[in-house]
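Reading through the structure tokens given below for one structure.
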There are 2 protein chains.
Amino acid sequence: MNQPIRILIVDDHPLLQEGIVMVVEHEPDMQVVGSAATGRESIALCERLQPNLVLMDLRLPDISGIDAMIAIRAKWPTVKVILLTTFAGDAEVNRALKAGAAGYLLKTMPRKQIVESIRQIHAGRRRIDPGVAANLAEHMGLETLSQREVEILKQVAEGNRNKEIAHQFALSEETIKSHMKNILEKLGASDRTQAVSIAVRRGIMQL
Amino acid sequence: MNQPIRILIVDDHPLLQEGIVMVVEHEPDMQVVGSAATGRESIALCERLQPNLVLMDLRLPDISGIDAMIAIRAKWPTVKVILLTTFAGDAEVNRALKAGAAGYLLKTMPRKQIVESIRQIHAGRRRIDPGVAANLAEHMGLETLSQREVEILKQVAEGNRNKEIAHQFALSEETIKSHMKNILEKLGASDRTQAVSIAVRRGIMQL
DNA sequence: CACCCGCTCACTCTTTCGAGGGAGCCTCCA
DNA sequence: TGGAGGCTCCCTCGAAAGAGTGAGCGGGTG
């Protein structure tokens, strides 16, 4: 355990990259081996730099942080990936953890807690930000939308009518209505507009 | 001009604070005199530390960065305030610039451009991130919603029916319909759901 | 002063939504 | 093998939403 933790930073904010470097390099047992600003770059740098641990933002310019993580974990299963982001609804957190994230931290966390979490995660424990965990617990057991339902809800957010959506997907309007009924019930929404609001808040979709 | 630029940082992400400090302290003509994590704290620190320039995030835990800026500019009109944020629709940028922001920068900006912008702004020029400016130009001349309209649209996003909104505001349902008609036209939306989507994207309201 | 604009309200009419039923098909998993 | 759940489709019906049109009031501005 004398080897320092080799960390790769993935974030498209240069200032934040800089901040992480500063905080992490302060710790004798950690070392930043590189920084990437995009998902694809992060995969390439994993190849080259062989980090033990990746600190990854969720929103990246090219592919989502979750997809980048999936790609990295597929090639290098021993690499631990920590999502470090500003906030996310329960849906994103769930997807991240299911996809094998070793941790889910918020950027609002104090420096000390972040380095401590990195240490814990590197030692094999799983860390989830208390705020995120509370949010998760609140939505525990809450149903998530199917792919089809998300597709449809996105169209709804764009102002399409059921009939138009049906036409786009080559389906019957009745089918769309049926999906909408399920969406409203799953999200606990009283109409399509609130359904979009809730879905965005919970990280099920973006606008 | 031998005095360094005294900078106050306002951001609720410790890591980003750290990053700004590192980048800025690298410059001989700049000095970070303090960091605040909330809007109220930023006002208090302005009092104590008398900075020349404030780097302010838009989203803060207590009050919005714009409101904090307004408060600061009211008390210390010579202090220049730069909004430094991840992104915002044209509505937020417009409000910020109207309220006297000296600059509007994005966190995705490279380090060099940020320090250069700080220098320019301190010298009296106004700097707006090219990406933001493009977005602004795109929406130039686009109508904005009145206060009443925003209030109503927020209720719409919560899934309230026209009748319910009318009751809440002690208005006629016909009045709400009339407002909705104006909202749809101003935003170029085909229905209330898309109106909410567009308003959120443009920074007119949050969910 | 006239004018614009935000806010208010009214009436009609068509379209759309969402609630209420039900049903068949598929796949995955216990 | 038997659910469970996702996807598809059908019917009815009342309640909303939105288009169309019109109008009065108050405040601010050229």
Side-chain angles (χ1 to χ4, degrees), chain A residues 90-91 94-95 98-99 139-200 202 204-205, chain B residues 91 94-95 98 139-200 202 204-205:
Chain A
D90 59 290
N94 263 327
R95 266 203 303 154
K98 272 192 194 132
H139 295 280
M140 215 41 158
L142 243 66
E143 289 178 285
T144 176
L145 298 188
S146 70
Q147 281 186 17
R148 197 52 142 179
E149 285 163 351
V150 172
E151 283 179 321
I152 289 172
L153 194 52
K154 279 181 183 168
Q155 294 300 312
V156 169
E158 292 306 315
N160 292 308
R161 313 182 190 301
N162 291 339
K163 199 184 290 181
E164 293 168 334
I165 300 171
H167 184 255
Q168 275 183 40
F169 291 150
L171 292 175
S172 157
E173 185 183 349
E174 294 304 318
T175 305
I176 306 300
K177 280 188 167 191
S178 178
H179 282 303
M180 277 309 301
K181 203 182 305 187
N182 292 327
I183 292 170
L184 294 178
E185 205 199 325
K186 282 186 177 181
L187 297 182
S190 60
D191 65 22
R192 51 178 54 215
T193 307
Q194 193 186 17
V196 169
S197 299
I198 292 173
V200 171
R202 287 187 49 194
I204 295 170
M205 55 175 271
Chain B
N94 263 327
R95 267 204 301 154
K98 271 192 193 132
H139 294 280
M140 215 40 159
L142 243 63
E143 288 178 285
T144 175
L145 299 188
S146 69
Q147 280 186 17
R148 196 52 143 180
E149 286 162 350
V150 173
E151 284 179 320
I152 290 172
L153 194 53
K154 280 181 183 167
Q155 295 300 313
V156 169
E158 294 306 315
N160 292 307
R161 313 180 192 300
N162 291 338
K163 200 184 288 181
E164 292 168 334
I165 300 170
H167 184 255
Q168 276 183 39
F169 291 149
L171 290 176
S172 156
E173 184 184 350
E174 293 305 316
T175 305
I176 306 301
K177 280 189 168 188
S178 177
H179 282 304
M180 277 309 302
K181 200 181 308 186
N182 291 327
I183 291 170
L184 294 179
E185 205 199 325
K186 283 186 177 180
L187 297 181
S190 60
D191 64 23
R192 51 178 54 215
T193 306
Q194 193 185 18
V196 169
S197 299
I198 293 173
V200 170
R202 287 188 47 195
I204 294 171
M205 53 175 273

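Because only heavy atoms are used, hydrogens play no part in the values below, and waters and symmetry mates are left out as well, while side chains stay in. Residue numbers start from 1 in every chain, and the chains themselves are labelled A, B, ... in the order their sequence lines are given, proteins ahead of strands.
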Quick one: [X] [atom1] to [N] [atom2], roughly how many Å, whole number?
X      : N      : atom1 : atom2 : value
A/F169 : D/dG6  : CZ    : P     : 17 Å
B/M180 : D/dG20 : CE    : C1'   : 16 Å
B/E164 : D/dA17 : CD    : P     : 8 Å
B/H179 : D/dG18 : NE2   : P     : 15 Å
B/R192 : D/dA19 : CZ    : P     : 11 Å
A/N162 : D/dC11 : CG    : C1'   : 16 Å
B/I183 : D/dA17 : CD1   : C1'   : 13 Å
B/D191 : D/dA16 : CG    : P     : 17 Å

Inter-axis angle, terminal five-pair segments of the helix from C/dC1-D/dG30 to C/dA30-D/dT1 [nearest 10°]: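 Terminal axis comparison yields 50°.
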Qualifying residues under side chain to side chain donor-acceptor pair (under 3.5 Å), relative to [X], sequence neighbours excluded:
X      : result
B/E164 : none
B/K177 : none
B/N162 : B/R192
B/S197 : none

Sugar-phosphate, base or nothing in reach of A/T175, heavy atoms under 4.0 Å: base
Touch class at under 4.0 angstrom, heavy-atom based, for B/N182 against every strand present: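 Nothing, no heavy atom under 4.0 Å.
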Residues forming a salt bridge (charged side-chain N to carboxylate O under 4.0 Å, His left out) with A/R95, sequence neighbours excluded: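 A/R95 satisfies salt bridge (charged side-chain N to carboxylate O under 4.0 Å, His left out) with no residue once adjacent residues are dropped.
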Considering all heavy atoms, the nearest A/G188-A/I198 contact: O-CD1, 4.2 Å
So how far is it from [X] [atom1] to [Y] [atom2], rounded to the nearest 0.5 Å?
X      : Y      : atom1 : atom2 : result
A/L153 : A/L187 : CG    : CG    : 6.5 Å
B/D191 : A/N160 : CG    : CG    : 8.5 Å
B/I165 : B/K154 : CD1   : NZ    : 13.0 Å
A/T193 : B/R161 : OG1   : CZ    : 10.5 Å

Contact interval (first through last nucleotide) of DNA chain C with protein chain A, 4.0 Å heavy-atom: C/dT16 to C/dG21
Below 3.5 Å is the cut-off: list the nitrogen or oxygen pairs between protein and nucleotides 21-28 of chain D, distance only.
residue	atom	partner	partner atom	Å
D/dT21	O4	B/K181	NZ	3.0

Positions of residues 148-158 of chain A (non-hydrogen atom under 4.0 Å from DNA chain C), listed by number: none
Residue whose closest nucleotide on DNA chain C lies nearer the 5' end, A/S190 versus B/Q147: B/Q147
Side-chain (B/Q194) to main-chain (A/A157) donor-acceptor, under 3.5 angstrom: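 Absent.
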Partner residues of B/A166 under the side chain to side chain contact (heavy atoms under 4.5 Å, CB included) criterion, sequence neighbours left out: B/E173, B/I176
All side chain to side chain contact (heavy atoms under 4.5 Å, CB included) counterparts of A/S146, not counting sequence neighbours: A/R148, A/E149
Any A/M205 side-chain heavy atom under 4.5 Å of A/L145 side chain: no
Over 12 foreign heavy atoms within 6.0 Å of NZ, A/K186: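 Yes, the 6.0 Å shell around NZ holds more than 12 heavy atoms from other groups.
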Greater than 12 external heavy atoms within 6.0 Å of B/Q168's CD: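 Atom CD in B/Q168 is packed in, count exceeds 12.
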Please list, pair by pair, any protein nitrogen or oxygen found under 3.5 Å from a nitrogen or oxygen in nucleotides 12-15 of chain D.
none

